[in-house]
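Below, chains carry the letters A, B, ... as their sequence lines are ordered, and counting in each starts from 1. Predicted model, so just to flag it, every value in this text is computed and none were measured.
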Amino acid sequence: MGIDAIEVEKKWQRRWQHHKIYEAHVRDDAPKFYVNVAYPYPSGAMHVGHGRTYTVPDVIARFQRMKGRNVLFPMAFHVTGAPVIGIARRIAKNDPDAIRLYRDLYKVPEETLKKFSDPYEIVSYFSNEYKEVMDALGYSIDWRRRFTTVDQHYKKFIEWQFLKLRERGYVVKGEHPIRYCPSCKNPVGDHDLLAGEGASINEFVLLKFVLEGEELILPTATLRPETVFGVTNLWINDEASYVIAKVKRGSGEFERWLVSEPAAEKLKNQGYEVEVEGRVGGSDFVDRQALNVVDGRTVKILPASFVDPDFATGVVMSVPAHAPFDFAALRDLHRQGKYLNVLPIPIIEIEGYGEIPAETVVMRMGIENQNDKRLEDATTELYTAEFNKGRMKVDAMGLAGVSVKDARETVKETLLADGKAALMYEFSERPVVCRCNTPVVISVLKDQWFLDYSDEAWKDQVRACLSRMNVVPPEIFAEFKQVVEWLREWACTRRIGLGTNLPWDKEWIIEPLSDSTIYMAYYTISYKLRELRPEILEPEVFDYIFLGASLPEEKRKKLSNEELRLLDEMRREFLYWYPYDYRLSARDLVGNHLTFQLFHHVAIFPENLWPRGMVVFGMATLQGRKMSSSKGNVVLLKDAIEKYGADAVRMFLIGAAEPWQDFDWRDELVFSTRRQIERFLSFANEVIDMECAVDFRKSLKEAKREIELKSIDRWLLSKLQRHVKEVNEALENFQCRRALQHAYYEIDGDLRWYRKRTSIEREGAKWILKKLLHVWVRLLAPFIPHVCEEVWERWGFSEREGYVSLAPFPEVDETLVDKKAEAAEELIEWVCDDISEILRVINVKPQKIILYVTPEWKRRAFSKILNEVKAGKGLREVMPIVMRAEEMRLRGKEAADFVRKAVELIKDKGMEKKDFFEIDEKKLFLEEKEFFEREFSCEFKIYEAEELEGLSGDERKKLDPQGKSKAAMPTRPAIFVVA
RNA sequence: GCGGAGGUUGCCGAGCGGACAAAGGCGCUGGCUUGAGGGGUCAGUCCCGUAGGGGUUCGGGGGUUCGAAUCCCCCCCUCCGCACCA
């Protein structure tokens, strides 16, 4: 094929398209099969990692189609979201990285690139490229259903979806802290960061201590509000500057707060109204008293250098019994002889940490003072330990004996409700810097809309749905369950990005993961929906199509008969295809998309339309390194196709690993895959050109009357049936690699053995090979459809029977299964192996090889032994049973040795686990004498051990000079090599 | 930290309680094939062995079992999620 490969592939793609064979129509004469895969975000070129994601469903779709199912395999493009806007902006600014990526790697023509300052141009260009590449790979997609997520019709559908969710009470309003770049005026995701990618946002509780004698609140920030009962003093950095500010939150009253300067700024970002009154020094407050509003005690404000004014509020409450930092700082003061009357107040009990846990940890670690770096570790250790195992020792709020975990929640909620506390957010680590080099802040979005995935009733439905689904691979099931438990409120609206506006609050755009949850339903109607004007697509229209609600009379009046007819058709089509059978997506989407879509399905559709199955993909690496477009470490699919041809790319992608496993793209392996395809093609051509008088479609029985068929012939067909069975089973379970292993490599291996064993010039062999090829080409069609169509055509089937892509997939033909032929073949193989090993060890060129077939008495004993072993008996039990026989006892030790060896042999070859066939070994070896002689290039003699027994010593010596015949076993002749 | 997956012979990667020195591929070695612009084919590729045998292996350590790469426990290491992002 070589150079012509691409042309051949193009030819078939054109023909498939011309005959529209992949367009899926509602049909009542065949069971439907609906497989779909997460649609791509076309912001760049397709690489081979994407290739696998879409090749797997294509192989499955092709297989199911050949199995006679009516298959729907659609595709669309996800263009909602913000990334493409950033890309457009960077290209507009001539950002060198962006230009390099798009011009040099993705090879976007200069003219087109100029238009890329418009994000729509980018997605439109790459959606077209995606389609071209998918076509070039021969995907059997019904392209009529293609859409993008910013089409007017689709937006109407999304509006409907959100109105439904809101009706069900799943869309709620709230506040949400996000990372925000003040310079870009945008929320920033992980990939937008220069530093601080691992930083998470921690929620601090601000406890409102009140400065004695003044209406001034000291908001101490803590992650551990439950320790407020153990406060002995407050800390303030006496060298830092603070501000006094009027602070207000929402509809509350203004309060006067003392916070560090940076903190005032942060509070502003986080939705507080802040009016700074004036600056003060931290030292101004040292030694003053503050009221703990929780327990009414008054504590002193002390100076501490570890207090970072740039972290949280810059005011800290001190719990020396449970906070290593506080303990160390207090100890520093004590060492100076100061504040000796301030002593730790333990309020949490925890085994193994003594009366004052912070002291225990600080002493054990040998921490020197409050600036000791190891205090971080000490804190982590103690916080974790107390959180997991600690119990409260205070009586207030009914906390006595309550776990720290629960107490924290209680205290926080109670104090927030009483107005004695407030919330503030801080990064878990710093610095966090935007790609534009500006420090990132935390911003609290008000009036943010959330999907309330924490709703228990909703979760219950998802759990129910999940428990009935086929999840591939099954191991991933646990992960899904976990995700359902984890999921909380999901902020489902954005300020920027492409997408659909929230129908009842147009300021917001629906977030891209949220608008991609039930579009699998949309595929079923997309091509018909397009015939309607978008403006008539009000919610009741979708209620009608998807939920079967009746159409309100006034709406009905506004529609033409044609439009009403279309609505009916869509309703019918939706019900025909839904629920979908399988959805495929990448593993990293388990934590969001794949689970979200379950939530949305159960929220909107009735139970009988809930998803039935999911398949989760592994990732792709390139020569062992993670594939990444931005790092240039990718192989573009279009390049790969050009280089190796679509079939080779497909076959490699499928054979490299099972779908859910990670796979590695390696050029040399793809190349060798191409050679394998060529080998298949030349074999096919060879077989097609063979002249055989007997029609290969005749049954074995019929054929036997006309041509001679050997055991090896029946063996080949029998093995083929096993592979057919494997392929069918594997593909039903998405084990594409296993399927290909049998569909190609195992059959190929059998053919090698077959060619070695027999001449294919024989009439019987030709018949057998034609019969095999007729199955083989169909078995391979889902994997390498182009080559298979080519073979099918060359053989003349295309004209008579149409495309191989639509031919019936091979099923097991039980009449061709011949276990005895398989057993005989196995025996021959063992003999060859044994001879080879002997030859290798003694390293001589053989003149003659003699095989001694086991004597009758061994054969009789062997089948008895085999039965006993099959019944689970061990040597100890078998021995007496077998030795009971007269002929055995007469032979004494020789017989006993034989029993022992036989048991070993049986276990060694696993004979007790399969059907065993007694084979007339002498007859078999005589038949195959020529083969042995050819194989080992020397003369072969075959004797039955019994023949020797009657002979005189001399004659016997002649035939068996070394007495090897004694070693003969059933299934294992003794061998003597004459050098 | 939490949760998930995994560590197999030079490499990739099967196997997941007996047929395992362990499929297949790649790489390497050798034979055959006049075969040339990443060639075809056969064989070998843990160690020892002049007779089909034996020895040591499947991240480390311990255990269960007649028997473990496969089951259990502990440890070490790697990868992937943890959200506002496709």
Task: Nearest-angstrom distance from the residue atom CD of Gln741(A) to P of G25(B) - done: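 To the nearest whole Å, that distance equals 9 Å.
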TODO: Could you state the atom-to-atom distance from CG of Asp452(A) to P of A83(B) in whole Å?
DONE: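 To the nearest whole Å, that distance equals 18 Å.
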Kindly write out the residues that satisfy side chain to side chain contact (heavy atoms under 4.5 Å, CB included) with [X], not counting sequence neighbours, or none if the list is empty.
| X | value |
| --- | --- |
| Ile842(A) | Ile838(A), Val844(A), Val977(A) |
| Asp897(A) | Lys893(A), Arg900(A) |
| Tyr120(A) | Asp118(A), Val150(A), Leu498(A) |
| Trp486(A) | Gln482(A) |

Checking [X] now: which residues fulfil ring pair (Phe, Tyr, Trp, His ring centres under 6.0 Å) with it, not counting sequence neighbours?
| X | result |
| --- | --- |
| Phe652(A) | Trp665(A) |
| Phe596(A) | Tyr453(A), Trp490(A) |
| Tyr39(A) | His78(A), Tyr519(A) |

Task: His78(A) side chain, from C-beta outward: closest of A86(B), A83(B), G3(B) - done: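 Minimum distance to the His78(A) side chain belongs to A86(B).
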- [ ] Identify, with sequence neighbours excluded, every residue that meets salt bridge (charged side-chain N to carboxylate O under 4.0 Å, His left out) alongside Glu203(A).
- [x]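 Glu203(A): salt bridge (charged side-chain N to carboxylate O under 4.0 Å, His left out) contacts with Lys412(A).
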- [ ] Can you sort out the partners of Arg972(A) under salt bridge (charged side-chain N to carboxylate O under 4.0 Å, His left out), two or more places apart, ordered by chain and number?
- [x]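 Counting only residues at least two positions away or on another chain, Arg972(A) forms a salt bridge (charged side-chain N to carboxylate O under 4.0 Å, His left out) with Asp834(A).
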Between [M] and [N], how far apart are the [atom1] atoms? Round to whole Å, please.
| N | M | atom1 | result |
| --- | --- | --- | --- |
| C20(B) | G67(B) | C1' | 13 Å |
| C16(B) | A23(B) | P | 14 Å |
| G10(B) | C82(B) | C1' | 38 Å |

Open item on the list: By the 4.0 Å heavy-atom rule, please label Leu589(A) as base, sugar-phosphate, or nothing.
Closed with: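 Since a base atom lies under 4.0 Å of Leu589(A), the category is base.
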TODO: Scan His593(A) against the nucleic acid and name what it touches under 4.0 Å (heavy atoms): base, sugar-phosphate only, or nothing.
DONE: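 Contact class for His593(A): none.
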Task: Base versus backbone protein contacts along nucleotides 4-15 of chain B [heavy-atom cut-off under 4.0 Å; B, S, -] - done: S-------SSS-
TODO: Quick one, give me the B/S/- string for nucleotides 36-55 of chain B, reading 5' to 3', where B means a protein heavy atom under 4.0 Å from the base and S means that only happens at the primed atoms, P, OP1 or OP2.
DONE: --B-SSSS-----BSBBB--
Open item on the list: Check Lys481(A) with Glu485(A), please: is the shortest side-chain N to carboxylate O separation under 4.0 Å?
Closed with: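 No.
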So which protein nitrogen or oxygen atoms get under 3.5 Å of nucleotides 30-34 of chain B's nitrogens or oxygens?
none

Open item on the list: Using side chain to side chain contact (heavy atoms under 4.5 Å, CB included), reason through Arg679(A) and Asp748(A) one step at a time and then give a plain yes or no.
Closed with: CA-CA 10 Å; Arg679(A) 203 178 313 146; Asp748(A) 189 48; 3.6 Å; yes
